[in-house]
Amino acid sequence: RECPDCGVRLVVSQYQGVCFLSCSFCRWSSRALGVEGADPDRVVALALEQERATPAATRFRELVDAGIAASSPGPGAGGPGPP
């Protein structure tokens, strides 16, 4: 994951027993978004859940699925027809 403010790779940090994502360059923290937890794996899972739940991500998946469906041959398609 990259920092949403500056693009530097995020690290999992811990403060007073709470893990969160942080940027060592600009000091951005996932705590402001509520992405924190008792262990690093949970923090990463929460970040991925929030990323996948955004409207833009949902729309992107819909467009990819539509593109895949459009490029797949339909039922009974045996390839190109006669010239």
Side-chain angles (χ1 to χ4, degrees):
R1 302 275 147 239
E2 289 82 31
C3 175
D5 285 348
C6 71
V8 170
R9 182 166 292 278
L10 296 173
V11 296
V12 177
S13 299
Q14 186 175 12
Y15 180 72
Q16 296 181 345
V18 177
C19 296
F20 54 94
L21 298 173
S22 65
C23 176
S24 59
F25 182 74
C26 73
R27 298 190 180 258
W28 178 89
S29 167
S30 66
R31 295 183 86 176
L33 302 174
V35 178
E36 58 187 16
D39 67 88
D41 291 335
R42 181 67 183 142
V43 172
V44 172
L46 283 170
L48 289 173
E49 285 174 23
Q50 285 195 359
E51 184 177 294
R52 290 181 184 133
T54 63
T58 301
R59 181 67 179 141
F60 180 76
R61 281 194 304 277
E62 290 171 353
L63 291 171
V64 168
D65 291 344
I68 291 170
S71 66
S72 298

Quiz item: Can you name the residues that form a side-chain hydrogen bond (donor to acceptor under 3.5 Å, both in side chains) with Arg31, not counting sequence neighbours?
Solution: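 Counting only residues at least two positions away or on another chain, Arg31 forms a side-chain hydrogen bond (donor to acceptor under 3.5 Å, both in side chains) with Glu36.
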Quiz prompt | Residues in side-chain hydrogen bond (donor to acceptor under 3.5 Å, both in side chains) contact with Ser29, at least two apart in sequence or another chain | solution =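 Partners of Ser29 by the side-chain hydrogen bond (donor to acceptor under 3.5 Å, both in side chains) criterion come out as none, since no residue qualifies.
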Exercise. May I ask you to list the residues sharing a hydrophobic cluster with Phe20, side-chain cutoff 4.5 Å, ordered by chain and number?
Key: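 Taking Ile, Leu, Val, Met, Phe, Trp and Tyr as members, Phe20 shares its hydrophobic cluster with Tyr15.
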Check side chain to side chain contact (heavy atoms under 4.5 Å, CB included) between [X] and all other residues, then give those that pass, not counting sequence neighbours.
X	value
Pro40	Val12, Cys19
Asp41	Asp39
Leu10	Arg1, Cys3, Leu21, Cys23, Trp28

